[in-house]
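Below is one structure, written out as structure tokens; the observations come after it.
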Amino acid sequence: MLTALDTFFESMAWPMTPPPAYGAFHILYTLIGFALCGILAWKLRNVGEKAFHWILFSVGTVLIISEVFKQFFYYFVMMDNRYAWGDFPFQLCSIPMYLCVTAPWLKNPRVQRGMYSFMVLYNLLGGAISFAEPSGLLHGHWFLTIHALVWHMLLVFIGLFICFSRRGGNQMGDYRSATCAFLALSVVAFALNCFVQFGLGENMNMFFVGPGNSPLAVFSLFSEWFGWYVNTFIYLFAVCLGAYLIFLLIYYLQNKELPRKKKQLVNQ
């Protein structure tokens with residue numbers, strides 16, 4: 001069985017020269033992908049509750065299946081039959097995989113809305129920033145590059161879809177609940193990192209909160225200058241601030257749109 005899997009994933013290991021960051025392919029894919037995500041999310045914004053749930057569940061299922069393939073690919077191809085702890089699926093951009101298949105079926109509307117708000121404010125931020133700093137998207141294998149590009153574009157779609165449907169991320173309490181979830185997940189990620197690093201002797205830096213230097217642009221410099229522990233607080237503050245700016249934009253646009261609709265109704 002393992003030999004057959006090894007052979008199968010080795011057959012998928014097509015090498016490629018990674019496209020350059022901010023080259024024609026990167027820019028076109030980002031612009032066209034964002035436009036298509038925005039148009040599709042807008043078209044679907046008024047679907048019923050049942051359809052909304054199934055769309056999220058379907059996207060989450062696609063993410064899970066593709067992640068399973070990626071884990072096997074790393075194990076057999078990239079790591080020579082060793083598990084790649086550094087690619088354990090618990091990064092910020094991995095969380096929608098779990099939320100999309102669980103949140104739609106929850107009976108508690110408050111918890112459900114908190115999950116939706118998290119995907120709007122934090123995962124939309126993570127997906128969008130990945131295209132601004134694409135080093136984690138462009139790999140030396142076709143499979144990994146396609147997986148990363150499609151994955152993060154789906155995060156953009158999920159965030160916009162929930163945002164346009166007004167099921168999360170647009171009320172004053174949404175930012176608070178989403179941020180509490182982000183900080184709680186960061187604590188879990190830090191505990192996992194410590195367990196793997198000190199207990200198993202492997203490198204792992206989920207959510208890039210340490211203990212270990214961040215590989216992210218700018219934050220890697222902070223890690224080198226001040227230590228990973230100082231960078232962790234800077235990083236968490238920066239992510240929370242970015243999510244807050246997204247929230248303010250959504251809140252402003254929503255409250256700008258409502259008076260316009262009321263005026264149109266009065267004129268009718």
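Starting from 1, each residue takes its place in the sequence as its number. The basis for the numbers below is simple: all heavy atoms, side chains too, and nothing from hydrogens, waters or symmetry mates.
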Q. How long is the gap from CG on Leu125 to CE on Met119, to the nearest 0.5 Å?
A. 15.0 Å

Q) Counting only heavy atoms not in Phe69, do more than 12 sit closer than 6.0 Å to its CZ atom? A) no

**Q.** Ring geometry between Phe161 and Phe157 (parallel below 30°, tilted from 30 to 60°, perpendicular above 60°)
**A.** parallel

Q | Evaluation steps, ring pair (Phe, Tyr, Trp, His ring centres under 6.0 Å), between His141 and Trp14 | A | CA-CA 6 Å; His141 289 85; Trp14 308 316; over 10 Å; no

Q. Could you give the distance from CG (Leu183) to CZ (Phe207), rounded to the nearest 0.5 Å?
A. 10.0 Å

Q: Report yes if some heavy atom in the side chain of Phe190 is under 4.5 Å from a heavy atom in the side chain of Pro211; otherwise report no.
A: yes

Q) What pairs with Tyr116 under ring pair (Phe, Tyr, Trp, His ring centres under 6.0 Å), at least two apart in sequence or on another chain? A) Phe52

Q: Only pairs at least two apart or in different chains count here, so list each salt bridge (charged side-chain N to carboxylate O under 4.0 Å, His left out) that has a residue in residues 169-189.
A: Arg113-Asp174

Enumerate, atom names and distances included, each donor-acceptor pair closer than 3.5 Å involving a side-chain atom of residues 224-241, sequence neighbours excluded.
residue	atom	partner	partner atom	Å
Asn231	ND2	Ser223	OG	3.2
Thr232	OG1	Val209	O	2.8
Thr232	OG1	Trp228	O	2.8

Q) Do any pairs count as a salt bridge (charged side-chain N to carboxylate O under 4.0 Å, His left out) and have a residue in residues 87-109, sequence neighbours left out, and if so which ones? A) none

(Q) Students often mix this up, so state it plainly: with edges at 30° and 60°, are the rings of Trp85 and Phe88 parallel, tilted or perpendicular? (A) parallel

(Q) For Phe208 and Phe219, I'd like to know if the aromatic rings sit close, meaning centre-to-centre distance below 6.0 Å. (A) no

(Q) Can you confirm whether more than 12 heavy atoms, excluding those of Phe90, are under 6.0 Å from its CZ atom? (A) yes

**Q.** Residues, nucleotides or ligands: over 12 heavy atoms within 6.0 Å of Phe8 CZ
**A.** yes

Q: Let me see the working for Tyr251 and Gln171 under side chain to side chain donor-acceptor pair (under 3.5 Å), right down to the final yes or no.
A: CA-CA 7 Å; Tyr251 191 76; Gln171 295 180 5; over 6 Å; no

Q | Any residue meeting ring pair (Phe, Tyr, Trp, His ring centres under 6.0 Å) with His152, in chain and number order, not counting sequence neighbours | A | none

Q: Find out whether Leu121 and Phe182 are in side-chain contact, i.e. whether some heavy atom of one side chain is under 4.5 Å from a heavy atom of the other.
A: no

Q: Hey, could you give me the CD1/NZ distance between Ile39 and Lys43, rounded to the nearest 0.5 Å?
A: 8.0 Å

Q) When you look at Phe34 and Phe131, which way does the ring pair (Phe, Tyr, Trp, His ring centres under 6.0 Å) test go after all the steps? A) CA-CA 10 Å; Phe34 277 43; Phe131 289 97; 5.6 Å; yes

Q. Do Cys100 and Ile158 have side-chain heavy atoms sitting under 4.5 Å apart?
A. yes

Q: Examine distances only and state if a side-chain atom of Tyr74 and a backbone atom of Met79 form a donor-acceptor pair shorter than 3.5 Å.
A: no

Q. Any chance the side chains of Tyr122 and Ser117 put a donor and an acceptor closer than 3.5 Å?
A. no

Q: Determine which pairs satisfy salt bridge (charged side-chain N to carboxylate O under 4.0 Å, His left out) with at least one residue from residues 192-221, sequence neighbours left out, and list them in order.
A: Arg82-Glu202

Q: Find the distance between CG (Leu154) and CG (Asn123) and round it off to the nearest 0.5 Å.
A: 12.0 Å

Q: Evaluate ring pair (Phe, Tyr, Trp, His ring centres under 6.0 Å) for Phe143 paired with Phe9, printing each intermediate quantity in order.
A: CA-CA 10 Å; Phe143 172 74; Phe9 284 99; 7.5 Å; no

Q. Less than 4.5 Å apart, any side-chain heavy atom of Val111 and any of Met115?
A. yes

Q. Taking the six-membered ring for Trp, are Tyr22 and His26 parallel (under 30°), tilted (30 to 60°) or perpendicular (over 60°)?
A. perpendicular

**Q.** Contact check, side chains of Met97 and Trp151, non-hydrogen atoms, under 4.5 Å
**A.** yes

